[in-house]
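Everything on this sheet refers to the single structure shown next.
Order of listing sets the numbers, starting from 1, for every ligand and every atom in it.
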Amino acid sequence: MKKHPVSLPADSESYEQQPLYVSRRRFLLGAGAMAGAPLLAGLWPKSALAEAISQALPQFTALRPAQKGILTGAHWGAFEAIVKDGKMVDVQPIADDPYPNELITMAPYQVHADNRIKYPMVRKSWLEGGPGSHPELRGRDEWVRVSWDKALTLVADQIRRLEKDHGPQSIYAGSYGWKSVGMLHNSRTLLQRCLNLAGGFLNYSGDYSTGAAQVIMPHVVGSVEVYEQQTAWPNVIDNSTLVIMWGCNPMITLKNSWNLPDHVGQTGFEALKKKGTRMISIDPVHNDSARHLGAEWIAPRPYTDSAMMIGIAHTLLTENLHNPEFLKNYTVGFDKFEAYLTGQNDGVVKDAEWAAQICEVDAETLRKLARDMAKQRTMLMGGWGIQRQHHGEQQHWMLVTLAAMLGQIGLPGGGFGFSYHYSSGGSPTAKGGILAGISAGQNSVGDKDWLAASTGTGALTPFPVARIADCLANPGKTIDFNGSKITYPDVKMVYVAGGNTFHQHQDINNLVKAWQRPETIVVNEPYWTATAKHADIVLPATTTYERNDMDMGGDYSQLYVFPLHQCVPPQHESRNDFDIFAGLAEKLGFLQEFTEGKDETQWLKGMYDDLKSQARNAKVALPPFDMFWASNNYVRFPVPETNKQWVRFADFRENPLLNPLGTPSGKIEIYSDTIAKMGYDDCKAIPTWMPPHEWYKGPEAEKYPLSLNTGHPINRLHSQLDNTPLRKKYAVADREAIWLHPADAKQRGIGDGDLVRAFNDRGQILVGAVVTENVRQGVVRISEGAWFDPADPSQPGSLCKNGNVNCLTFDIGSSSLAQGNCGQMAQLEIEKYTGPALTNTAHSVPAGG
Ligand SMILES: Nc1nc2c(c(=O)[nH]1)N[C@H]1C(S)=C(S)[C@@H](COP(=O)(O)OP(=O)(O)OC[C@H]3O[C@@H](n4cnc5c(=O)[nH]c(N)nc54)[C@H](O)[C@@H]3O)O[C@H]1N2
Ligand SMILES: Nc1nc2c(c(=O)[nH]1)N[C@H]1C(S)=C(S)[C@@H](COP(=O)(O)OP(=O)(O)OC[C@H]3O[C@@H](n4cnc5c(=O)[nH]c(N)nc54)[C@H](O)[C@@H]3O)O[C@H]1N2
Ligand SMILES: [Mo]
């Protein structure tokens, strides 16, 4: 099979016993003893060993001749850390990173940040009054320092009590979030491993990234699609003559990856630019990618994309630009969609004029787009912001429908791709092996009776992740989800390790209230984030640079294996999440099961040995673990030539009977009988335009005329790095920036650099004005990720002094089908801020901390 499924590797098993960190000193001694390698001087010298091996084994690269530091890395890239006197002082990118990312320069500031959590801490009222004491004081109570032993005892006691008295569904330990790279020190997995051994826990399904798309796509094309390998970049560069970036800002979003990035995606876009391939960006924001790549800019009204696509489809149909042959052989239900386009049933013709009065892109531009797409080899690259919306399912369904009408799916350089902007989808897949990380184990669910009583089935059903506030606030409530019903249990404890709920979730002021329902909230964190500040017990966690680990580089390419060497000792009293959960496991009586008797090095060696035997099967030789580790070098696997020309859906196109899609019909479903049978009025059986919950034409627009765009930040990963000096690059008057159009600014007397209050009925935030023609009039852009910092934490809805945009978004599901989040939309108003001067305290340490 030519398929390149990219799923996160199945977690492996291994674990360690007396974890605690391996100190830098012990580590060096150990490494030296293992390999007899010339690396004992403290900093890694030019590695003669690496050179020697790489001559014998080309995949064990010696691409870093000027090695200066210790090889480690992050979501933003692999790099060498320069350490002096036990402090990280500088970094340099690895030599063959084709597109180094400035974010790596913040590593020293991450390690030595002023707002690290230094010690285990307990919220005063909780410590004094026990679980459930004064939950309204979360976020403003005092903190009390306790010993590790005391902190672990407090947490273990709650886990034990709740598992016994209220069952596993009373502990929400899903802990959604981007944590850090590393296959061993994987905070969320470790949390779940511990809670599984304790008797089970409540989990979530889906994610904040593609909540809507990943649920609708299996009904349409038989796979989640958003995380699948794409037609390989060399093939796109050779064959595509028109590239549409639909709500897609790849030069920014490709900076970071789930694993370490290979940064191949940016080189693909650069190659298109160099070749002069025509590119069009469809986005209410003239985004950085469009500007850098010289793409044409078409700016629809936000949240109206499916109407715009439907209008284009109508032109394709009526001007006979569609491909009936393809529709007949490879899709089902086009006739029903055609009836919708022509208004057969509702009397509304969905032509370009109809679309134009919704999306406010003129009809002639839409018709021209249709003609341009049809007359050449067109690749539709869909970003994900367009589906992080009410009815967000429709956008990707419509993009697939457009591509199906064009009939180029499965042809070189044609069709659609939903991850060219993410983790380098389309970076050709290498041949070697995949690291399997530590596993969460089974959700064993100790006492089945609890579940039978609470769910009627004996199975613990995860809830769609973005329903968390709804779930916490409404035990017993039942919601629809993808054809089934989910009833929320009564959550009494929340445990977060590696996520930032008070950034990621919509309508933060609503979350503040829902967050007061559980009795106990535990957070493992390196920093005093808003989530940590709103906990009862915080356990200080290390950063990647304080521990040894390994990870893949290139989510889709599986191109590299990077060692992540410990650079400095754990700061203050912080511990690795592994050690924190091993400590809990010990208190709960299953230390051996948790660690499997292995320490950090043994776990890493086990993972590497497993990888090495996969590589051997693929006829790729790797050095033994000790040598790999001692050399301070990384592996770069070879990429087979055939993978460089791999075309997504080519096999399906070649023979749809032999290679059917995973849909009920085996074909692309423009009409889904499965969805029809669910009978939802907010997700129908064909892609449909439905006005969203809030938009510029809704009644809410009278009071709140501006449409919000909350794209992903240029110089952060979500909330990560907001507490570093890189914020000087984007913060305005020390607040998150708001980009607004000159006409909107003028109308309100706002000038560049002014402090602005942005508000609606849900909340208000302080932001700094950037007046720019790079946003469409009527639209404001505030990136997601600024740390929540309420001016008066005792007053829900008080002004957020740092500009957290999720104070303005609303918290409803995208539809009954997917229940994805709607983070990319809201109506709001802004005014020049004239109130008292307010100090930004988002990155400061709370009282007692
Ligand atoms: N309005 C709006 N909201 C959005 C979005 C949007 O577009 N608009 N985007 C959404 C999307 S796509 C996503 S993925 C989410 C992201 O939401 P999150 O994943 O919650 O965001 P991060 O800022 O990456 O938070 C990760 C947290 O883990 C901590 N951490 C890092 N390493 C470790 C570790 O080793 N151990 C422990 N214990 N903690 C660690 C970091 O300090 C940080 O606080 O946000 C979503 N929210
Ligand atoms: N630098 C950086 N890179 C990242 C991340 C990060 O935080 N920072 N996060 C990572 C993660 S977890 C994810 S999920 C991905 C996110 O990848 P995406 O979800 O694709 O990124 P966004 O920036 O949310 O949205 C992409 C573009 O969609 C546009 N857009 C928003 N609303 C609309 C609309 O209604 N119509 C149209 N046509 N366009 C619209 C935005 O203006 C933006 O330019 O990025 C990943 N990469
Ligand atoms: Mo995401």
Side-chain angles (χ1 to χ4, degrees), residues 74-76 101 103 110 175-182 185-188 190-191 207-211 226 245-250 252-258 261 281-290 298-305 308 359 382-389 395 419 421-423 466 496-506 523-527 529-532 539-544 547 576-577 580 707-723 775 779 781-785 787 804-806 808-809 821-826:
H75 290 298
W76 28 97
N101 180 358
L103 270 60
Q110 287 182 274
S175 188
Y176 178 82
W178 265 63
K179 55 190 181 64
S180 291
V181 293
H185 296 289
N186 180 338
S187 44
R188 184 182 62 197
L190 294 164
L191 162 67
D207 58 40
Y208 279 84
S209 312
T210 62
V226 285
M245 297 184 286
W246 206 307
C248 193
N249 188 12
I252 297 306
T253 52
L254 288 169
K255 288 168 92 167
N256 305 314
S257 290
W258 180 250
S281 170
I282 300 175
D283 196 319
V285 177
H286 194 188
N287 66 42
D288 286 64
S289 309
I298 296 176
R301 283 282 190 172
Y303 339 138
T304 64
D305 297 85
M308 181 172 169
C359 68
W384 298 343
I386 49 173
Q387 56 84 61
R388 226 172 277 120
Q389 298 183 353
Q395 274 74 270
S419 70
H421 69 290
Y422 176 78
S423 292
V496 177
N500 192 355
T501 319
F502 277 75
H503 134 65
Q504 76 199 202
H505 194 62
Q506 288 61 57
V523 174
N524 292 11
E525 250 295 337
Y527 310 106
T529 60
T531 306
L539 303 178
T542 55
T543 65
T544 307
R547 58 206 186 206
N576 302 336
D577 292 283
I580 297 172
S707 298
L708 178 65
N709 174 296
T710 72
H712 285 232
I714 297 169
N715 286 306
R716 282 194 302 257
L717 173 68
H718 314 296
S719 73
Q720 295 194 53
L721 307 182
D722 195 44
N723 57 334
V775 290
V779 178
R781 151 77 176 236
I782 306 167
S783 296
E784 54 109 291
W787 294 19
N804 181 309
V805 75
N806 273 326
L808 304 175
T809 52
N821 75 81
C822 301
Q824 278 281 2
M825 67 196 325

> Would a 4.5 Å heavy-atom cut-off, applied to side chains only, mark Met825 and Ser707 as touching?
Replying inline: no

>> Once you restrict to heavy atoms under 4.0 Å, what part of His505 touches ligand 1? Side chain, backbone, both or neither.
In response: neither

> Where does Gln824 meet ligand 2, judged by heavy-atom distances below 4.0 Å: at the side chain, the backbone, both, or neither?
Replying inline: side chain

>> Considering both backbone and side-chain atoms of Arg547, is one of its nitrogen or oxygen atoms within less than 3.5 Å of a nitrogen or oxygen in ligand 1?
In response: yes

> Quick one: which ligand 2 atoms are inside 4.0 Å of a heavy atom on Gly711?
Replying inline: 23 (O), 24 (O)

> Is the shortest N/O to N/O distance between Asn709 and ligand 2 below 3.5 Å?
Replying inline: yes

>> Under a 4.0 angstrom heavy-atom cut-off, which atoms of ligand 2 come close to Pro302?
In response: 35 (O)

> For ligand 1, which atoms, with element, lie under 4.0 Å from some heavy atom of Tyr527?
Replying inline: 42 (O)

>> I need the atoms of ligand 2 closer than 4.0 Å to a non-hydrogen atom of Ile714, numbered in the order shown.
In response: 1 (N)

> In ligand 1, which numbered atoms sit nearer than 4.0 Å to a non-hydrogen atom of Gln506?
Replying inline: 1 (N), 2 (C), 3 (N), 4 (C), 47 (N)

> Is the shortest distance from a heavy atom of Tyr176 to ligand 1 less than 4.0 Å?
Replying inline: yes

> Does the Asn821 side chain pair with the main chain of Ala466, one donor and one acceptor, at a distance under 3.5 Å?
Replying inline: no

> With a 4.0 Å heavy-atom cut-off (strictly under), which part of Leu717 contacts ligand 2: side chain, backbone, both or neither?
Replying inline: both

> Is there any N or O on Pro300 that sits under 3.5 Å from an N or O of ligand 2?
Replying inline: no

> N/O to N/O below 3.5 Å, does that happen between Ser209 and ligand 1?
Replying inline: no

> Taking C-beta and beyond as the side chain, do Leu708 and Gln824 meet within less than 4.5 Å on heavy atoms?
Replying inline: no

>> Below 4.0 Å from ligand 2: does a non-hydrogen atom of Arg388 turn up there or not?
In response: yes

>> Please list, in number order, the atoms of ligand 1 under 4.0 Å from a heavy atom of Gly177.
In response: 19 (O)

> Heavy-atom contact under 4.0 Å between Tyr208 and ligand 2?
Replying inline: no

> In the protein, what heavy atom is nearest to atom 42 (O) of ligand 1, and what distance, to one decimal place, separates them?
Replying inline: Glu525 OE1, 3.0 Å

>> Does any N or O of ligand 2 fall below 3.5 Å from an N or O anywhere on Gly385, backbone included?
In response: yes

>> Does any part of the side chain of Asn256, heavy atoms only, come nearer than 4.5 Å to the side chain of Tyr422, both counted from C-beta?
In response: no

> Heavy atom under 4.0 Å from ligand 2: found in Asn715's side chain, backbone, both, or neither?
Replying inline: neither

> If you measure every N/O of Trp178 against every N/O of ligand 2, is any gap under 3.5 Å?
Replying inline: no

>> Counting non-hydrogen protein atoms only, what is the nearest one to atom 36 (N) of ligand 1? Give residue, atom name and distance.
In response: Asp577 OD2, 2.7 Å

> Side chain or backbone of His185 under 4.0 Å from ligand 1, or both, or neither, by non-hydrogen atoms?
Replying inline: neither

> Should Ser289 and His421 count as side-chain neighbours, where that means a heavy-atom distance under 4.5 Å?
Replying inline: no

> At a non-hydrogen distance cut-off of under 4.0 Å, which region of Pro713 contacts ligand 2 (side chain, backbone, both, or neither)?
Replying inline: both

> Any chance the rings of His75 and Trp178 have centres within less than 6.0 Å?
Replying inline: yes

>> Taking the side chain as everything from C-beta on, heavy atoms only, tell me whether Lys179 gets closer than 4.5 Å to Asn186.
In response: yes

>> If you define the side chain from C-beta out and look only at heavy atoms, does anything of Met245 sit under 4.5 Å from Pro250?
In response: yes

>> Taking 4.0 angstrom as the limit and counting only heavy atoms of Gly383, give me the atoms of ligand 2 inside it, by number and element.
In response: 20 (O)

> To which protein heavy atom is atom 1 (N) of ligand 1 closest, and what is the distance rounded to 0.1 Å?
Replying inline: Asn806 OD1, 2.7 Å

>> Does only the side chain of Asp305 get under 4.0 Å from ligand 2, or the backbone, or both, or neither? Count heavy atoms.
In response: side chain

> How close does the nearest protein non-hydrogen atom get to atom 20 (O) of ligand 1, and which residue and atom is it?
Replying inline: Gln504 NE2, 2.6 Å

>> I need the contact type for Met825 against ligand 2. Using non-hydrogen atoms and a strict under-4.0 Å cut-off, is it side chain, backbone, both or neither?
In response: neither

> In terms of atom number and element, which parts of ligand 1 are under 4.0 angstrom from non-hydrogen atoms of Thr529?
Replying inline: 44 (O)

> Can an N or O of Trp384 be found at a distance shorter than 3.5 Å from an N or O of ligand 2?
Replying inline: yes

>> Nearest 0.5 Å, please: how far is CG in Asn500 from CD in Gln504?
In response: 7.0 Å

> What atoms in ligand 2 come closer than 4.0 Å to a heavy atom of Asn249?
Replying inline: 44 (O)

> Would you say the side chain of Thr210 lies within less than 4.5 Å of the side chain of Asp207, judging by non-hydrogen atoms?
Replying inline: yes

> Which option out of His503, Gln720, Gln110 puts a heavy atom nearest to atom 26 (C) of ligand 1?
Replying inline: Gln720

> Short N/O distance, under 3.5 Å, between Thr501 and ligand 1?
Replying inline: no

>> List ligand 2 atoms under 4.0 Å from Asn287, heavy atoms only on the residue side.
In response: 44 (O)

> Can you tell me which residue and heavy atom of the protein come closest to atom 33 (C) of ligand 1, and the distance to 0.1 Å?
Replying inline: Ser180 OG, 3.7 Å

> ligand 1 and Ser719, any nitrogen or oxygen pair closer than 3.5 angstrom?
Replying inline: yes

> Taking N or O atoms only and a 3.5 Å limit, does Glu784 qualify as a polar contact for ligand 1?
Replying inline: yes

>> Quick check: Thr710 and ligand 2, any N/O pair under 3.5 Å apart?
In response: no

> When only distance counts, is Ala497 in polar contact with ligand 1, meaning an N/O pair under 3.5 Å?
Replying inline: no

>> Can you list everything that forms a salt bridge (Lys or Arg N to Asp or Glu O under 4.0 Å) with Arg781? Sequence neighbours excluded, please.
In response: none

> So do the side chains of Asn715 and Leu721 get within less than 4.5 Å of each other, counting heavy atoms only?
Replying inline: no

> In the protein, what heavy atom is nearest to atom 38 (N) of ligand 1, and what distance, to one decimal place, separates them?
Replying inline: Asn524 O, 2.9 Å

>> Test your reading of the structure: does His718 have an N or O sitting under 3.5 Å from an N or O of ligand 2?
In response: yes

> Has ligand 2 got any nitrogen or oxygen that is less than 3.5 angstrom from a nitrogen or oxygen of Lys255?
Replying inline: no

>> Quick test: of every protein heavy atom, which one is nearest to atom 28 (O) of ligand 1, and how far off is it to 0.1 Å?
In response: Gly498 C, 3.2 Å

> Hey, mind stepping through Ser719 and Asp722 against side chain to side chain donor-acceptor pair (under 3.5 Å) and telling me if it holds?
Replying inline: CA-CA 6 Å; Ser719 73; Asp722 195 44; over 6 Å; no

